[in-house]
Engineer: 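My structure is below; once you've seen it, I'll send some questions.
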Amino acid sequence: MQREETAVLVVGGSLVGLSAAMFLAKQRVPTVLVEQHLGSSPHPRAMGYTPRTLELFRALGLDLPQAPAGFRLRRVRVERLAGRWFDEVPWTPSRERGPEMEVSPSRGAAIAQDRLEPLLRHKALSLGADLRLGTTLERFEQDAHGVTAWLRRHDGHESTVRAAYLIAADGARSPIREALGITRSGRGHIHTVRSVLFRAPLEQYLESGISQFEIDQPELRAFLTTYGDGRWLLMFKDDLERDAPAQLRCVRQAIGRDDVPIELITTGRWELGALVADRFCAGRSFLAGDAAHALPPTRGGFGANTGIHDVHNLAWKLAHVLSGQSTPALLETYEAERRPVAWGRLLQTFARPDYAAVAQGIAEGVAILDETAIEFGELYRSSAVLGAGPELPAAARPEVWAGQPGTRAPHVWVHRGTERCSTLDLFAPGWTLVTADARWAAAAQVAKGALELRVVQLGVDVLPEASVAVAFGLSASGAALVRPDGYIAWRALDVPGDAARVLGVALAQVASTR
Ligand SMILES: Cc1cc2nc3c(=O)[nH]c(=O)nc-3n(C[C@H](O)[C@H](O)[C@H](O)COP(=O)(O)OP(=O)(O)OC[C@H]3O[C@@H](n4cnc5c(N)ncnc54)[C@H](O)[C@@H]3O)c2cc1C
């Protein structure tokens with residue numbers, strides 16, 4: 001049997017696995033991805049991608065068409081699409097919403113999963129990842145030095161791959177998680193629902209900017225939405241098997257018109273649940289995406305987006321450990337940082353009106369957080385951050401954090417030479433020290449050791465359009481150390497006499513260099 005070697009084996013070639021392959025390949029980590037299917041599912045699931053996800057894709061040079069400024073996913077209860085429309089239910093009640101501010105260079109995007117996946121595949125391939133569609137992981141074993149995986153191609157060809165690390169992006173049922181014996185906790189199974197995907201010219205009903213409809217009729221309770229490309233999804237709130245004529249009848253009933261041509265495309269059956277894995281890592285295997293946290297579809301885009309953010313967190317850590325810059329202790333921070341995020345999002349799902357009826361008390365007493373706080377202000381507490389204590393809240397808006405270590409470094413527009421860019425564009429692939437004080441440059445030179453550390457001197461290397469010092473909470477002589485994933489790892493309020501030593505100690509701790 002053919003045997004190959006790679007640094008990371010990713011199992012699952014949907015949104016999260018493909019994102020992992022892109023982020024790893026961008027860091028020049030040899031990566032093999034296997035996906036049992038030959039292409040995308042004909043029934044797309046996800047279609048809403050959040051601004052943070054777009055920021056991460058933008059950093060790879062993958063610019064997706066973005067939603068208009070101020071876009072909000074709106075949902076209304078209706079009798080039928082062409083009938084009476086009732087109340088609109090906001091995802092985040094307006095009293096919980098903070099001010100509209102430009103906190104990111106990116107906005108969200110609406111693209112059906114089966115249109116996005118080919119773009120991700122193309123990007124992953126162009127960055128050097130080895131994608132193998134139609135290839136199933138049959139079984140695997142791990143030891144102290146790596147993981148051995150047995151693969152079977154759709155034509156029956158068998159091979160083994162030896163990898164230093166394994167990422168399980170193999171979905172909510174995750175055979176890898178099950179094989180590792182990792183249990184899950186949470187609200188559990190909510191219900192099983194069926195859907196029908198159809199094509200119909202119904203664009204006129206989208207003119208008000210509302211794209212999600214709760215069909216509320218005594219004989220039909222369903223959810224209707226569109227993928228924005230002529231395809232629509234009718235999601236029943238039951239698990240009944242309907243034949244094609246019955247599906248067509250229900251679609252017509254939801255629309256409320258007989259004169260519209262309808263093409264049935266396919267159907268789906270979905271188990272909606274909310275479960276977070278009790279561990280995100282076992283030995284050399286890491287869970288990501290739905291394998292780590294199955295969250296029901298929400299207007300917050302907590303499903304695929306959370307998984308994409310997982311693998312962005314993991315990719316630079318694997319790159320650092322594989323290159324020998326960091327010790328494997330850095331990898332322990334993946335679970336420490338991402339599991340609380342998954343839990344927080346699970347609780348936010350059930351604290352909100354859309355899921356309150358099925359919460360079964362799991363989010364009792366949980367305050368609804370501002371969307372921007374969830375998207376851009378979740379706090380990481382781990383050994384890869386200094387100064388994020390237990391007294392701090394789990395999430396807050398970026399202007400409230402003002403450069404708090406453990407949070408995403410704020411976005412401010414700056415000018416670098418003739419280019420206008422975001423502070424976010426200054427960070428990857430290595431570490432970055434942001435300061436206005438020239439004395440930190442000499443300290444960084446000594447402190448960096450084998451790490452890649454750049455100093456960005458405000459007012460010299462970049463000319464900010466607004467105060468970076470205020471956004472990052474820096475005094476004139478302070479400095480913020482930013483990780484390769486754009487999170488602030490440490491901050492100094494002043495230049496100490498022994499700046500090189502102080503910076504070196506901080507860097508060694510947060511980068512796990514010894
Ligand atoms: C109707 C619906 C709408 C949704 N809308 C949104 C949305 O708008 N935004 C959002 O963020 N989320 C949304 N979600 C959730 C989102 O679809 C999931 O969170 C997301 O697809 C999870 O991605 P994943 O890569 O972790 O897992 P999956 O998409 O489940 O992919 C796992 C992959 O692993 C492969 N695989 C499994 N085992 C093996 C094996 N042994 N060998 C090889 N391959 C294997 C599978 O074939 C599959 O392709 C929605 C979900 C539903 C049901």
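Numbering of ligands and ligand atoms starts at 1, following listing order. Predicted model, so just to flag it, every value in this text is computed and none were measured.
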Engineer: Does ligand 1 have any atom that is closer than 4.0 Å to a heavy atom of Gly301?
Structural biologist: yes
Engineer: Heavy atoms only, cut-off 4.0 Å: how does Thr135 contact ligand 1, side chain, backbone, both, or neither?
Structural biologist: backbone
Engineer: Could you tell me the residue and atom name of the protein heavy atom closest to atom 1 (C) of ligand 1, and the distance to it rounded to 0.1 Å?
Structural biologist: Met235 CE, 3.5 Å
Engineer: Ignoring angles and geometry beyond distance, decide whether Asn305 reaches within less than 3.5 Å of ligand 1 through its nitrogen or oxygen atoms.
Structural biologist: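 Checking ligand 1 against Asn305, an N or O pair does fall under 3.5 Å apart.
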Engineer: Quick test: of every protein heavy atom, which one is nearest to atom 9 (N) of ligand 1, and how far off is it to 0.1 Å?
Structural biologist: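 It is Gly48 O, 3.1 Å.
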Engineer: Can the ring centres of Phe213 and Phe223 be said to be less than 6.0 Å apart?
Structural biologist: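 That pair fails the under 6.0 Å test.
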Engineer: Considering only residues two or more places apart or on different chains, which pairs with a residue in residues 29-55 satisfy salt bridge (Lys or Arg N to Asp or Glu O under 4.0 Å)?
Structural biologist: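 Listed by first then second residue: Arg52-Glu55, Glu55-Arg408.
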Engineer: Which protein heavy atom lies closest to atom 28 (P) of ligand 1, and at what distance to 0.1 Å?
Structural biologist: Arg45 NH2, 3.3 Å
Engineer: If you look only at pairs with a residue in residues 154-191, which of them pass as a ring-ring contact (aromatic ring centres under 6.0 Å, His included), with sequence neighbours excluded?
Structural biologist: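 Checked against ring-ring contact (aromatic ring centres under 6.0 Å, His included) - neighbours excluded - no pair reaches residues 154-191.
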Engineer: Given Gly134, Gly300, Gly303, which has its nearest heavy atom closest to atom 15 (C) of ligand 1?
Structural biologist: Gly303
Engineer: For atom 49 (O) of ligand 1, what is the nearest protein heavy atom, given as residue, atom name and distance?
Structural biologist: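 That would be Glu35 OE1, 2.6 Å.
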Engineer: Looking only at non-hydrogen atoms, which of Gln113, Gln36, Glu271, His293 approaches atom 43 (C) of ligand 1 most closely?
Structural biologist: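 The nearest heavy atom belongs to Gln36.
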Engineer: About how many Å separate CG of Leu346 and CZ of Phe302, when rounded to the nearest 0.5 Å?
Structural biologist: 10.0 Å
Engineer: Decide whether an N or O pair under 3.5 Å exists between Tyr227 and ligand 1.
Structural biologist: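 No: no nitrogen or oxygen of Tyr227 is under 3.5 Å from one in ligand 1.
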